[in-house]
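Notes follow once the structure below has been shown.
None of the values given here were measured: they were computed from a predicted structure.
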Amino acid sequence: MRALLNVIWLVLSGFWLALGYAIAGIICFVLIITIPFGIASFRIANYALWPFGRTITDRTDAGAASVLGNIIWIVVAGFWLALIHVVTGVLLCLTIIGIPLGIGNFKLIPVSLLPLGRRIVPVPD
């Protein structure tokens, strides 16, 4: 079931979300000081491409730099990305077939809001 949901997700919205996050990551890598945000953007792109069967956990080795980076991220992009995922998730949930995709979009909110100090891990079966 996860594979079917991931394929539908990939076709309907995952590819475009991943592409957007990847472009943002490339821009962050061009600006040398924002490389940590570029890494986070590529991590989100990977998760946005295939979200079902994976979950987000906190990293235990994340320190004060992650907190500071997340504060900057929220001000610059995180709030708007989370808001876009909320609106898209609600719109997807308006149809029966879109409910799992809307839930997948809601799963992207925590990592798009606070990407530093997080990791994406497989869900145990």
Side-chain angles (χ1 to χ4, degrees):
M1 188 63 162
R2 288 180 188 163
L4 177 63
L5 285 172
N6 277 321
V7 169
I8 294 171
W9 170 266
L10 181 67
V11 170
L12 294 181
S13 62
F15 175 75
W16 301 109
L17 284 172
L19 184 65
Y21 280 116
I23 290 170
I26 291 169
I27 291 169
C28 288
F29 268 87
V30 169
L31 307 168
I32 303 299
I33 198 164
T34 56
I35 287 177
F37 297 126
I39 293 169
S41 224
F42 285 126
R43 189 177 328 119
I44 298 169
N46 181 14
Y47 186 58
L49 202 57
W50 207 257
F52 297 99
R54 298 192 291 174
T55 189
I56 303 162
T57 61
D58 293 329
R59 288 182 45 199
T60 57
D61 60 344
S66 292
V67 173
L68 180 63
N70 278 332
I71 292 170
I72 294 169
W73 178 270
I74 288 172
V75 171
V76 174
F79 174 76
W80 300 108
L81 290 170
L83 186 65
I84 289 168
H85 285 298
V86 167
V87 170
T88 307
V90 168
L91 291 174
L92 284 169
C93 285
L94 292 177
T95 64
I96 298 291
I97 193 133
I99 291 173
L101 303 176
I103 292 170
N105 226 324
F106 294 142
K107 284 176 55 178
L108 283 164
I109 293 171
V111 75
S112 69
L113 190 60
L114 302 168
L116 303 174
R118 303 280 180 114
R119 66 179 176 188
I120 299 164
V121 295
V123 174
D125 287 331

| message | Once you measure the plane-to-plane angle for F29 and F42, does it fall in the parallel (<30°), tilted (30-60°) or perpendicular (>60°) bin? | response | tilted
| task | Could you check if a side-chain atom of V30 sits within less than 4.5 angstrom of a side-chain atom of I27, using non-hydrogen atoms only? | result | no
| said: Starting from L114, can I reach I44 by hopping between I/L/V/M/F/W/Y residues whose side chains sit under 4.5 Å apart? | reply: no
| Are I84 and F79 grouped together when hydrophobic residues (ILVMFWY) are joined by side-chain heavy atoms under 4.5 angstrom apart? | no
| request: To the nearest 0.5 Å, tell me how far F52 CZ sits from L10 CG. | output: 11.5 Å
| note | Taking every heavy atom of G102 against every heavy atom of C93, the minimum-distance pair comes out as CA-SG, 3.8 Å
| query | With a 4.5 Å limit on heavy-atom distance, are the side chains of L5 and W50 in contact? | reply | no
| If you count the non-hydrogen atoms of other residues, nucleotides and ligands that lie under 6.0 Å from CD1 in I96, is the total more than 12? | no
| message | Would the distance check show the side chain of W73 and the main-chain N or O of S112 forming a donor-acceptor pair, the cut-off being under 3.5 Å? | response | yes
| request: Show the numbers, then the answer: is there a side chain to side chain contact (heavy atoms under 4.5 Å, CB included) between V121 and T55? | output: CA-CA 6 Å; V121 295; T55 189; 3.8 Å; yes
| field | side chain to side chain contact (heavy atoms under 4.5 Å, CB included) between R2 and V123, worked out | value | CA-CA 11 Å; R2 288 180 188 163; V123 174; 3.8 Å; yes
| note | Closest non-hydrogen atoms of Y21 and A48, given as atom of the first, atom of the second and distance, are CD1-CB, 4.4 Å
| query | When clusters are formed by joining ILVMFWY residues with side-chain heavy atoms under 4.5 Å apart, either directly or through shared neighbours, do V7 and L49 land in the same one? | reply | yes
| field | Atom CD1 of I97 with >12 non-hydrogen neighbours under 6.0 angstrom | value | no
| task | Spell out, as yes or no, whether a donor-acceptor pair under 3.5 Å connects the side chain of R118 to the backbone of R59. | result | no
| task | Please report the shortest heavy-atom distance between I56 and Y47, naming the atom on each side. | result | CD1-CE2, 3.8 Å
| request: Look at the side-chain heavy atoms of Ile, Leu, Val, Met, Phe, Trp and Tyr, link any pair under 4.5 Å apart, and say whether L83 and L108 land in one connected group. | output: no
| request: Can you sort out the partners of R54 under salt bridge (charged side-chain N to carboxylate O under 4.0 Å, His left out), two or more places apart, ordered by chain and number? | output: none
| request: Give a yes or no on whether W80 and V75 share a hydrophobic cluster (residues Ile, Leu, Val, Met, Phe, Trp, Tyr; joining criterion: side-chain heavy atoms under 4.5 Å apart). | output: no
| note | Tightest non-hydrogen contact, residues H85 and N105, listed as ND1-OD1, 2.6 Å
| From CA spacing to verdict: side chain to side chain contact (heavy atoms under 4.5 Å, CB included), V87, V90 | CA-CA 5 Å; V87 170; V90 168; 5.9 Å; no
| Is a side-chain N or O of T34 found less than 3.5 angstrom from the main chain of F37, in a donor-acceptor match? | no
| message | Tell me if a side-chain donor or acceptor on K107 pairs with a main-chain N or O of P51 at a distance below 3.5 Å. | response | yes
| query | In Å and rounded to the nearest 0.5 Å, what is the CD1 to CG distance from I26 to L31? | reply | 12.5 Å
| query | So do the side chains of C28 and I35 get within less than 4.5 Å of each other, counting heavy atoms only? | reply | no
| request: Verify side chain to side chain contact (heavy atoms under 4.5 Å, CB included) between L92 and I99, making sure each step is shown before the conclusion. | output: CA-CA 6 Å; L92 284 169; I99 291 173; over 6 Å; no
| task | Provide the closest heavy-atom pair for S66 versus L116 in the form atom of the first, atom of the second, distance. | result | O-CB, 4.0 Å
